[in-house]
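Every chain is numbered from 1, with letters handed out A, B, ... down the list of sequences. Remember, predicted model here, so these are calculated numbers, not experimental data.
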Amino acid sequence: MDVRAYIREALKEMGVEPPFVELEVPKHEKHGDISTPVAMTLARTLRRPPREIAQDIKKHLDSVDAFDSVEIAGPGFINIRFRKQFIIDTLKALLKDPEGFLRKDLSSGQKIQVEFVSANPTGPLHLGHGRGAAFGAALSNLLERAGYQVEREFYINDAGRQVDLLGESIFARYKELLNTEYPFPEDGYRGDYIKELARELLDTEGDKYKDKDYADCADSFKTFGIQRMLKQIKEDLEAFSVVFDRWQSEKALYDEGLVKRCLDELKQKDKLYEKDGALWFRASEYGDDKDRVVIKSDGSPTYFASDIAYHWYKLQRGFDELINVWGADHHGYIPRIKAVIRAMDQPDDKLRVILVQMVNLLRDGKPVQMSKRAGEFITLKEVMEEVGADTTKFIFLTRRPDSHLDFDIEVAKRESSENPVYYVQYAYARINSIFRKARERGISFEGPAFVDRLTQEEELSIVKKLMFYPLMFEGAVREREPHRVTFYLQELARLFHSYYNRHRVVSDDKELSQARLSLCSAVMRVINEGLSILGVTAPERM
RNA sequence: GCCCCCUUAGCUCAGUAGGAUAGAGCACAGGAUUCCUAAUCCUGGUGUCAGAGGUUCGAAUCCUCUAGGGGGCACCA
């Protein structure tokens with residue numbers, strides 16, 4: 001479907017080439033199949049009444065074969081109705097080359113890095129991480145299908161104080177198991193998983209650390225803790241079907257000298273200065289509220305130091321866009337990272353930070369108390385086991401990332417028979433079932449056939465919905481909003497279920513059956529494509 | 001105190017780049033299956049788009065202020 005091209009052509013002949021021609025699917029059927037407000041948008045620049053401009057555009061569009069009618073309505077909308085043959089032809093095109101139809105290259109060859117989850121390896125993933133994971137993965141999939149070269153990266157905060165605390169917390173539990181006195185660190189990690197780690201270490205390495213001070217064996221405990229936690233995080237993400245291309249260790253940034261090199265470079269460019277024995281970054285010169293300490297007066301780096309180096313390193317790797325998916329509680333951090341980008345002489349919109357709002361976990365409408373400090377929280381793993389990965393993801397992806405989310409475990413489970421994810425998956429399974437039935441009846445499907453036999457209103461409505469997939473796709477890619485896919489799939493599934501209940505696909509009329517199987521095949525392709533963007537499985541049976 | 005996000009139907013949320021009479025799902029009530037899966041479908045109605053100003057042909061959408069909810073403001077991570 002390239003309605004936009006027709007309109008552009010018409011405008012070009014009128015001597016106008018606007019940067020964007022807006023198309024919308026009208027809410028009311030009487031407003032046609034597709035509509036554009038472009039005449040109104042142009043009214044100001046052209047200094048002409050919108051309806052007059054619309055008239056001119058209409059003149060050019062009247063001769064387009066694909067259109068049945070072109071009408072001007074209201075203040076200057078141009079409402080277009082498709083000719084039936086055009087609808088059918090589009091269906092054929094979709095079936096002939098689904099990928100070409102569904103995956104338009106919008107990338108200009110750009111490389112994008114999406115960094116997401118990036119949880120501290122000091123505890124298991126919680127539900128908030130799950131939301132970030134579902135979103136980041138879906139966004140990456142979406143961008144990939146738009147032709148972008150996408151790298152999915154997980155940043156591992158395996159340096160600094162939190163890691164120390166992890167090591168010491170395990171150490172304290174280890175001593176506890178051996179009935180040796182050791183004060184539990186203040187701000188230490190109190191979750192039960194720490195006890196399990198201590199138990200595991202005792203089982204594998206025995207009591208050789210029994211009489212040692214923490215300082216003497218800190219590295220052993222830290223390394224062990226990080227490795228185990230990271231392993232668990234990776235397993236959880238795998239179970240959630242979220243994959244990464246790259247895992248960047250913070251510690252490695254130090255070990256490989258990247259932090260030092262980066263800071264040297266900034267020093268040379270006079271972006272850093274010394275004051276009160278500390279080293280500061282001139283963040284305030286690049287849009288931040290105040291300057292920020294990079295190296296503390298005791299000589300140790302702040303978290304910000306490695307973050308600067310990390311983004312410096314990302315830029316060096318030649319990405320055209322960096323997307324950071326962060327928890328909303330990190331929003332205060334945006335200005336200083338943007339300042340880093342600017343200080344490195346890059347446009348700050350090269351970095352796009354997408355904030356994912358916190359998830360409130362409920363059980364039967366009552367909040368589940370969560371305290372990381374006390375070690376009481378429900379993990380992503382537990383929710384996945386109770387609710388299921390597909391449902392969990394789908395719930396996350398039916399909301400904009402910046403909306404607060406109440407995740408009620410009981411509701412997610414209880415409603416399982418009416419859950420939106422099943423609604424969409426069921427449509428897919430149903431179509432598979434239809435194909436099985438067709439094979440039984442000896443009706444094979446090898447490609448579009450007799451599609452001109454599709455004359456039912458419901459059939460044409462479905463094809464029109466399919467025709468609008470690219471429009472939805474473009475918008476989702478442009479705005480980096482995978483949740484649009486989720487909503488689209490529900491609408492498509494609704495149309496299909498409704499059709500299914502009204503018309504039989506497989507019948508004695510072989511040609512009509514072939515035609516309807518063609519339609520089903522197209523719907524199946526699109527649902528499959530959409531679900532794969534969301535990272536949700538498409539089951540052939542349910 | 002300063003900054004960011006959110007506020008749309010009873011509930012959970014969409015609302016596409018400022019466009020037409022603001023939409024879904026859930027919940028509630030009634031109905032549909034001799035036939036491809038009833039995890040489905042069909043029929044029912046609901047709005048001070050938090051409030052007040054402004055910008056304009058046109059605002060849920062952009063700007064200002066106010067109220068409520070969440071979050072953030074370290075030589076913490």
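Side chain to side chain, A/K267 and A/Y273 fail the donor-acceptor criterion of an N or O pair below 3.5 Å. Side-chain N/O atoms of A/N79 and A/S35 include a donor and acceptor closer than 3.5 Å.
Under the 4.0 Å criterion applied to side-chain N and carboxylate O atoms, A/D288 and A/K338 are not assigned as salt-bridge partners. Using a cutoff of 4.0 Å between basic side-chain nitrogens and carboxylate oxygens, A/D164 and A/K222 are scored as salt-bridged.
For the pairing with A/Y286, the side-chain hydrogen bond (donor to acceptor under 3.5 Å, both in side chains) check across A/K271, A/R336, A/R342 returns one residue only, A/K271. A/L517 pairs in a side chain to side chain contact (heavy atoms under 4.5 Å, CB included) with only one of the listed residues (A/I434, A/I431, A/L512), which is A/I434.
Residue A/M358 comes nearest to A/R131 through the heavy atom pair O-NH1, 3.8 Å, listed as atom of the first residue, atom of the second, then distance. Across every non-hydrogen atom of A/D158 and A/V163, the tightest pair is C-CG2, 3.4 Å. Smallest separation of non-hydrogen atoms from A/Y428 and A/P539: CD2-O, 3.1 Å.
B/U8 and B/A22 have their C1' atoms separated by 8 Å, given to the nearest Å. Taking atom C1' in both B/U16 and B/G10, one finds a spacing of 28 Å when rounded to whole Å. Spacing of C1' atoms, B/C57 relative to B/G15, comes out at 22 Å, to the nearest Å. B/U12 and B/A50: their P atoms are spaced 15 Å apart (whole Å). Going from the C1' atom of B/A52 to that of B/G68 covers 15 Å, rounded to whole Å. Atom P of B/C62 sits at a distance of 38 Å from the matching atom of B/C76, rounded to the whole Å.
As rounded to whole Å, 11 Å separates atom C1' of B/C4 from atom CG of A/D289. A straight line from CG of A/D408 to P of B/A27 spans 14 Å, rounded to a whole angstrom. Atom CD of A/E24 and atom C1' of B/A22 are 13 Å apart (whole Å). In this structure, the OH atom of A/Y333 is 11 Å from the C1' atom of B/A74, given to the nearest Å.
For residues 39-52 of chain A, proximity to RNA chain B is found at A/M40, A/T41, A/R44, defined as any non-hydrogen atom under 4.0 angstrom from a strand atom. If you check residues 513-523 of chain A against RNA chain B, you find no residue with a heavy atom closer than 4.0 Å.
By the 4.5 Å heavy-atom criterion applied to side chains, A/E168 and A/F221 are not counted as neighbours. Put simply, the side chain of A/T391 does not reach to within 4.5 Å of the side chain of A/F394, judged on heavy atoms.
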Please tabulate, one pair per line, each protein N/O and nucleotide N/O from nucleotides 5-14 of chain B that are separated by under 3.5 Å, including the distance.
| from | atom 1 | to | atom 2 | distance (Å) |
| --- | --- | --- | --- | --- |
| B/C5 | O2' | A/D402 | O | 3.3 |
| B/U12 | O2' | A/R399 | NH2 | 2.1 |
| B/C13 | OP1 | A/H404 | O | 3.2 |
| B/C13 | O5' | A/R399 | NE | 3.3 |
| B/A14 | OP1 | A/R400 | N | 2.5 |

For nucleotides 42-45 of chain B, give me every protein contact, N/O to N/O, under 3.5 Å, one pair per line with atom names.
| from | atom 1 | to | atom 2 | distance (Å) |
| --- | --- | --- | --- | --- |
| B/C42 | OP1 | A/S498 | OG | 3.0 |

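A/Y426 has a side-chain polar atom (N or O) that falls below the 4.0 Å cut-off from OP1 or OP2 of B/A39. Residue A/H28 places at least one side-chain N or O under 4.0 Å from the OP1 or OP2 atom of B/G23. At B/C76, one or more side-chain N or O atoms of A/K296 fall inside 4.0 Å of OP1 or OP2 (strictly under the cut-off). OP1 or OP2 of B/G15 has not a single side-chain nitrogen or oxygen of A/K27 nearer than 4.0 Å.
Within the 4.0 angstrom heavy-atom criterion, no nucleotide atom of any strand lies near A/A438. Across all strands, A/E479 comes closer than 4.0 Å only to sugar-phosphate atoms, never to a base (heavy-atom distances). Looking at heavy-atom distances under 4.0 Å, A/V294 makes no contact with the nucleic acid at all. Nucleic acid contact for A/R504: base, since at least one base atom lies under 4.0 Å from a heavy atom of the residue. Among the heavy atoms of the strands lying under 4.0 Å from A/A328 are primed sugar atoms or P, OP1, OP2 only; no base atom is included. A/H31 comes within 4.0 angstrom of a nucleotide base, judged by non-hydrogen atoms across all strands. Contact annotation for A/G332: backbone-only contact, meaning every heavy-atom pair under 4.0 Å involves sugar-phosphate atoms and none involves a base. Counting any heavy atom pair closer than 4.0 Å across all strands shown, A/N79 reaches a base atom.
For the atom pair OH of A/Y423 and OH of A/Y426, the computed distance is 11.0 Å after rounding to the nearest 0.5 Å.
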Could you tabulate the donor-acceptor pairs under 3.5 Å formed by side-chain atoms of residues 299-307 of chain A, not counting sequence neighbours?
| from | atom 1 | to | atom 2 | distance (Å) |
| --- | --- | --- | --- | --- |
| A/S300 | OG | A/D298 | OD1 | 2.7 |
| A/S300 | OG | A/D298 | OD2 | 3.4 |
| A/T302 | OG1 | A/V293 | O | 3.0 |
| A/T302 | OG1 | A/V294 | O | 3.3 |
| A/T302 | OG1 | A/F304 | N | 3.3 |
| A/T302 | OG1 | A/A305 | N | 3.4 |
| A/Y303 | OH | A/N157 | OD1 | 3.4 |
| A/Y303 | OH | A/N157 | ND2 | 3.0 |
| A/S306 | OG | A/E250 | OE2 | 2.6 |
| A/S306 | OG | A/Y303 | O | 3.0 |

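For an aromatic pair to be called close, the ring centres must be under 6.0 Å apart, and A/F396 with A/F135 fails this. Under the 6.0 Å cut-off for aromatic ring centres, A/Y488 and A/Y469 qualify, their centroids lying closer than that.
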inquiry  = Expected output check: what is the dot-bracket annotation of RNA chain B, where ( ) and [ ] are pairs inside the strand (brackets for crossing ones), | is paired with another strand, and pairs are Watson-Crick or G-U under 3.5 Å?
reply    = (((((((..((((.....[...)))).(((((.......))))).....(((((..]....))))))))))))....

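Counted within 6.0 Å of NZ on A/K58, heavy atoms from surrounding residues, nucleotides or ligands total more than 12; the atom is thus considered enclosed.
If you check B/A38, B/G15, B/A20 against the side chain of A/Y500, the one that comes closest is B/A38. Minimum atom distance to the side chain of A/S297 is reached by B/C75, of the listed B/C3, B/C75, B/A77. For A/R161, the side-chain atoms get nearest to B/C76 when compared with the rest of B/C36, B/C75, B/C76.
Nearest-nucleotide positions on RNA chain B for A/F304 and A/H331 put A/H331 closer to the 5' end. Closest-nucleotide positions on RNA chain B for A/K437 and A/R336 were compared, and the one nearer the 5' end corresponds to A/K437.
A donor and an acceptor atom never sit less than 3.5 Å apart when one is taken from the side chain of A/T302 and the other from the base of B/A74. Residue-to-nucleotide contacts include no donor-acceptor pair under 3.5 Å from the side chain of A/N501 to the base of B/A38.
Checking side-chain atoms of A/E386 against main-chain N and O of A/V383 turns up no donor-acceptor pair under 3.5 Å.
A cation-pi arrangement is not found for A/R145 relative to A/F473, the charged atom failing to lie both closer than 6.0 Å to the ring centre and inside a 45° cone about the ring normal.
Ring geometry, A/H31 versus A/H28: the interplanar angle exceeds 60°, so the pair is classed perpendicular (tilted spans 30 to 60°).
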